[in-house]
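Worksheet: one structure, shown below.
Order of the sequence lines fixes the chain letters, A, B, ..., with proteins taken first and strands second; residue numbering starts at 1 for each chain. Hydrogens, waters and symmetry mates are skipped; everything else that's a heavy atom, side chains included, is used.
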Amino acid sequence: MLDVQLFRHEPQRVRDGLASVGADPVLVDTVLELDQRRRAALQGLETARAERTRCSKEIGGLPAEQRKAAGASVRALGEEIAKLEVTADEAERRLRDVMLEIPNLPHPTVPVGPDDSANVVLREEGQRPALGFEPKPHWEIGAALGIIDFERGVKVSGSRFYVLFGAGARLQRALISFMLDLHTREHGYVEVYPPAMVKEHCLYGTGNLPKFADNLYRDAEEDYFWVPTAEVPVTNLYRDEILENAALPIRHVAYSPCFRREKMSAGRDVRGIKRGHQFDKVELVKFVRPEDSDRELEGLLADAEDVCRRLELPWRIVQMCTGDLSFVASIKFDIEVWAPGCGEWLEVSSCSNFRDFQARRAQIRFRRDREHRPELVHTLNGSGLALPRVLIALLENHQQADGSVRVPAALRPYVGADVIGPPA
RNA sequence: GGAGAGAUGGCCGAGUGGUCGAAGGCGCGCGCCUGCUAAGCGUGUAUACGGGUAACACUGUAUCGAGGGUUCGAAUCCCUCUCUCUCCGCCA
């Protein structure tokens, strides 16, 4: 959520920003009008309440037998207040509803563009493998090795589900452990194991609601949502808190399963394990002082890239243009790994700086010192990394002519083998 | 799932209809004193949204788990919900 003050003081800047991310600049005028209405309603209400308080105190000082009569004369005021409350609440709610649907403003350094065609590939890192044979897609490799079973996944849970067997399951578990260890031991993150189900308000905090309900699984009866990413529970860890200045920055790494309905991408990426309803992910989440957030984003990106490097995967960094930013991000860099088998770049992480957008929704603040009022923190996050796609890249980049898959050195202690071969 | 107890400021803990944003203690900030490793004295110490200011100051309203009700007036009375704790049942 954006700061209403920004609308009041720099409306043109907000209009320009909204236009650049494809939102309607007229929203600024809507907000300004609703804000005006809200303030007017509030002033009327507060005046009336102040008057009532004065009267009530007077009555309190009266002898008991006079109170009843005096009270009756104030009754009308109470009824008026009730009406003004309804008006003020209504104004407040309408403003809030609009504000909740307004996207974040882009960081000034974000390249301007209408859609993903204007995204910028900043650099390419790592070596593409010189395989010397026609690379197979992971669904062939996985099936041949007996480590990915698509048919049984469908049998048990329907389309977009698969089952990992044997070395495949172990490989995934190894990746999770490897990533958690790397980020906790070498990058300074504190590990968190969060709930995979959250209450509705958490999703408002991170910005998944109200706009993106159709990508979420929910249990309406119990008001539970399955998390689409660990970002949701981890960001909400500090909701409604005022953190100590010394506690910042907070850097968390969390492994969690993620659940997405994928309604919007029906029919897309149905082959393989690239896009399922359930997948695993190791997520990095930061809570930082505003002045540190630009630098912290660089660090976040570097920490996520380090996973690619150690897994000996070729990757590239793509900066999202204004038109391709997510609803909540003010700046975003994707990490894409090359998958030679299916011949595409796979998004394995989106590293974003949300600035105070989520913090305002979730009311995550910190106190710089006693003299200052609490300030909103900046939140950032990015995957470090998303498991199934790393698995794809691993199988496809490290496949060998005989059908086996080489395990990169960094992963060997976790897998307990140098090579994943066909079933005996 | 059944029965009971509870939810007050950073923490502990008073407060059962009025002058209570809320005693007292702890913690913490600032000042003084003292001078020795600790204490004493004074003073201050929630948040949000309005008004106000160049910015402070100042000022209004709200907030005692959440929502609703009674009342001129609710931390205090009534209802609903949430959460926590104890016991029973069930269970990985």
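A donor N or O paired with an acceptor N or O is found under 3.5 Å between the base of B/G18 and the side-chain atoms of A/Arg67.
Atom CD of A/Gln363 is separated from atom C1' of B/A66 by 17 Å (rounded to the nearest Å). The separation between A/Leu77 atom CG and B/U71 atom P is 15 Å, rounded to whole Å. Remark: C1' of B/C49 and CZ of A/Arg8 are 9 Å apart, rounded to the nearest angstrom. What separates CD of A/Glu241 from C1' of B/A46 is a distance of 15 Å, to the nearest Å.
Spacing between B/G10 and B/G29 at atom C1', rounded to whole Å, works out to 13 Å. Across B/C72 and B/U82, the matching C1' atoms stand 32 Å from one another, rounded to whole Å. Comparing B/U86 with B/U71, their C1' atoms are spaced 37 Å from each other, to the whole Å.
When each of B/G50, B/G60, B/A48 is scored by its nearest atom to the side-chain atoms of A/Pro374, the top-ranked nucleotide is B/A48. For A/Arg52, counting side-chain heavy atoms from C-beta on, the closest listed nucleotide (B/A48, B/C72, B/G50) is B/C72.
Base contact: A/Ile59 has a heavy atom under 4.0 Å from a base atom. Residue A/Ala70 is out of contact with every strand shown, counting any heavy-atom pair closer than 4.0 Å.
The aromatic ring centres of A/Phe357 and A/Phe327 sit less than 6.0 Å apart.
Taking the ring axis of A/Tyr224 as reference, the NZ or CZ atom of A/Lys199 stays within 45° of it and closer than 6.0 Å to the ring centre.
Using a 30° and 60° split on the angle between ring planes, A/Tyr238 and A/His252 fall in the parallel class, below 30°.
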